[in-house]
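Encoded as C-alpha cells, the structure appears first; notes follow it.
All ligand and atom numbering here is 1-based and tracks the order in the structure. As the structure is a computational prediction, the values presented were derived from the model and not from experiment.
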Amino acid sequence: EKAGHRHFMAKEIHEQPQTLSDVLAAYLDGDRVAPPVDHDFAAADRVVMVACGTANFACSVAKYWFEGLARMPVDVDIASEYRYREGPVSPASTALFVSQSGETADTLAALRYARGKAAAIVSVVNVTTSSIARESDVALPILAGVEVGVASTKAFVNQLAVLLCLAIRAGVQRGVIDSEREAALVAGLRRLPGLMSQAMAIETRCEELASRLAEASDVLFLGRGLMFPMAHEGALKLKEISYIHAEAYASGELKHGPIALVDRTLPVVVLAPTDALFDKTVSNMQEVMAREGQVLLVTDSEGAARASEGVWQTLVMPAIDPLMAPILYAVPAQLLAYHTAVHKGTDVDQPRNLAKSVTVE
Ligand code: F6R
C-alpha cells in the first residue's frame with residue numbers, strides 16, 4: 001500500500017506530480033481557469049480565509065495571490081482565534097475555509113460563526129463528504145486522494161493549486177486579468193507537474209544534508225513575499241516529524257530580533273527563487289553568514305550563480321515563474337523534514353502527540 005516506499009509520507013510526496021496534474025485537469029479548461037463550481041468573487045468586497053496549521057499557510061500564500069492577481073483585500077486567520085474574537089464580518093465578504101479533512105473542530109466552528117454574516121461560505125476541502133463541505137455554499141475539492149501521513153504534503157500542494165486557480169478566476173471576474181494574461185497563467189500552471197517531477201531530483205542532496213540537520217537543536221527558515229508562508233510550512237514540517245525546534249521569519253524581520261540567535265551551530269534555510277525580492281533576501285542571508293550561521297540556500301540555477309558564495313549548502317531547484325514558486329518549493333520543505341526525521345528514526349507517519357484530524361478544539 002506504500003507502493004514500495006518506506007513511509008506513506010514518502011509515497012505521498014512522490015505522488016505530487018500526479019495529484020497536482022489531477023487537480024489542474026479539473027480546474028482548467030483549454031487556456032481558461034474553470035473551477036468545477038464557479039463562485040462569483042466580483043460581488044465580494046473582500047475575502048476572509050480561515051484554517052489551521054498547514055492549511056492556514058496555504059491561505060497565507062493565497063493572500064498574496066488574491067491581492068496581486070485580483071486586487072482583492074484578504075484577511076487570513078487561524079480558526080481557533082477567529083472563532084472567539086467576535087470580529088466584524090463584512091456582509092459583502094466571501095468567507096473561505098481550507099481543510100484537508102473537513103472535520104477540524106476549530107475550522108468548522110469558525111465556518112458556523114461566519115454563516116449568516118458573510119455573503120457566501122466557500123470551502124476548499126479534500127474530503128468532499130465532510131462536515132465543512134456539507135455546511136458550505138460552495139465546496140471546492142482539492143482531489144489529492146487519501147492522505148495517510150499525519151504531516152500534510154500532497155493536500156497542501158493541491159490546496160495551493162486550487163487557491164491559485166481561484167485567485168486567477170477572481171482576477172478574471174473582476175476585470176483585472178484579460179484573456180491573454182489568463183492564457184499565459186494557465187500555460188504556467190500546466191508546466192507545474194513536470195517541474196515538480198524535476199524538483200524531486202533534489203532528494204539525494206536532502207538525504208545527505210539530513211545527517212547534519214538532525215544534529216541541530218534549532219533551525220531557522222527565512223523567506224520574503226510568497227516564500228514567507230513557505231518558510232512557515234518548512235518549519236512546521238520539520239518540527240512535527242523530526243521534533244527539532246524550527247522557526248520561520250520574514251527575511252526582513254531578521255534584524256528586529258532573531259539575528260541574536262545566529263551562531264555557527266544554527267542551520268538557516270533560505271527559500272529564495274530568483275524573483276523581484278531576491279537581492280533583498282540575499283542581503284539578509286549575508287547578515288546571517290557574517291555571524292557564522294550555516295546557510296542552506298534553496299534557489300534556482302540563476303540564484304545559485306549569483307549568491308552561492310560563502311553559503312554552507314545550495315539546493316538547486318528548476319527555474320519557475322516566481323508567482324507559482326510556492327507550489328514547487330513545498331518539495332524541499334517536505335524532503336528536508338522527511339529525511340531528517342528518517343535519520344533521527346522518529347515515527348514519520350504517526351508523529352508523537354499528533355492526530356491526522358483534530359476534531360476537538
Ligand atoms: C501539518 C498538518 C496540520 C493540518 C491541520 C489542519 O502537516 O497536517 O497542521 O494542516 O491540523 O487540518 P485540516 O486541513 O484537516 O483542517
Side-chain angles (χ1 to χ4, degrees), residues 7-13 16 19 23 49-62 76-83 95-112 114 121-136 139-163 221 229-244 246 248 326 329-338 340-341 346-361:
H7 299 97
F8 282 107
M9 185 178 177
K11 169 179 173 265
E12 288 161 2
I13 290 172
Q16 291 177 118
T19 46
V23 72
M49 299 184 185
V50 184
C52 299
T54 285
N56 180 264
F57 299 143
C59 294
S60 297
V61 171
V76 177
D77 228 312
I78 298 167
S80 56
E81 290 297 317
Y82 179 81
R83 63 178 291 193
L96 195 152
F97 301 86
V98 180
S99 176
Q100 187 284 129
S101 64
E103 300 295 349
T104 300
D106 281 319
T107 310
L108 182 59
L111 181 155
R112 290 176 178 158
I121 306 283
V122 176
S123 62
V124 172
V125 293
N126 198 28
V127 182
T128 50
T129 52
S130 61
S131 306
I132 289 175
R134 278 186 279 116
E135 294 193 27
S136 304
L140 291 154
I142 62 165
L143 304 165
V146 176
E147 190 179 67
V148 177
V150 163
S152 186
T153 53
K154 61 178 181 168
F156 174 68
V157 159
N158 277 22
Q159 285 164 353
L160 289 176
V162 166
L163 290 167
F221 284 76
M230 293 309 294
H232 274 289
E233 173 62 4
L236 179 63
K237 286 286 97 90
L238 188 68
K239 66 187 130 186
E240 66 184 335
I241 61 170
S242 76
Y243 314 147
I244 295 171
Y329 280 63
V331 172
Q334 297 160 353
L335 287 174
L336 285 170
Y338 175 74
T340 303
T346 56
D347 189 347
V348 173
D349 286 333
Q350 273 304 335
R352 65 183 186 203
N353 310 340
L354 296 177
K356 181 66 184 159
S357 175
V358 184
T359 52
V360 290
E361 68 172 300

Less than 4.0 Å between a side-chain N and a carboxylate O, is that true for Asp106 and Arg83? yes
Among all protein heavy atoms in this structure, tell me which lies nearest to atom 11 (O) of ligand 1, with the distance rounded to 0.1 Å. Val358 CG2, 4.2 Å
According to the interplanar angle, ranging from 0 to 90°, do the rings of Phe57 and His232 count as parallel (below 30°), tilted (30 to 60°) or perpendicular (above 60°)? parallel
Under 4.0 Å from any heavy atom of Gly53, which atoms of ligand 1 are there? 9 (O)
Applying the side-chain hydrogen bond (donor to acceptor under 3.5 Å, both in side chains) criterion to Thr54, which one of Glu240, Glu233, Gln159 satisfies it? Glu233
Do me a favour and list the nearest non-hydrogen protein atom to atom 4 (C) of ligand 1 with residue, atom name and distance? Thr54 N, 4.1 Å
Is there a donor in the side chain of Ser131 and an acceptor in the side chain of Glu103, or the other way round, less than 3.5 Å apart? yes
State if Asn126 counts as touching ligand 1 under the rule of any non-hydrogen atom under 4.0 Å. no
Give a yes/no on ligand 1: does Lys237 have at least one heavy atom closer than 4.0 angstrom to it? yes
Would Thr107 count as a polar contact of ligand 1, with the cut-off being nitrogen or oxygen pairs under 3.5 Å? no
Does ligand 1 have a heavy atom under 4.0 Å from the side chain of Glu240, from its backbone, from both, or from neither? side chain
Ligand-side contact atoms (ligand 1) for residue partner Ala151, heavy atom cut-off under 4.0 Å: 7 (O)
Would you find a donor on one side and an acceptor on the other, under 3.5 Å apart, between the side chain of Lys237 and the backbone of Ser242? no
Within the 3.5 Å criterion, strictly below it, is a donor on Gln16 or Gln334 matched to an acceptor on the partner's side chain? yes
Ligand 1 contacted by Cys52 (non-hydrogen, < 4.0 Å): yes
Kindly say whether Ala144 contributes a backbone atom to a donor-acceptor pair with the side chain of Asn126 at under 3.5 angstrom? yes
For Val150, the ligand 1 atoms with a heavy-atom partner under 4.0 Å come out as 8 (O)
Any non-hydrogen side-chain atom of Val61 less than 4.5 Å from a side-chain atom of Leu160? yes
Can Glu147 and Ser152 be counted as having a side-chain donor-acceptor contact under 3.5 angstrom? yes
N/O separation below 3.5 Å, Thr104 to ligand 1: yes
Which residue and heavy atom of the protein sit nearest atom 15 (O) of ligand 1, plus the separation: Ser101 OG, 2.7 Å
Give yes if a backbone or side-chain nitrogen or oxygen of Gln100 is under 3.5 Å from a nitrogen or oxygen of ligand 1, and no if not. yes
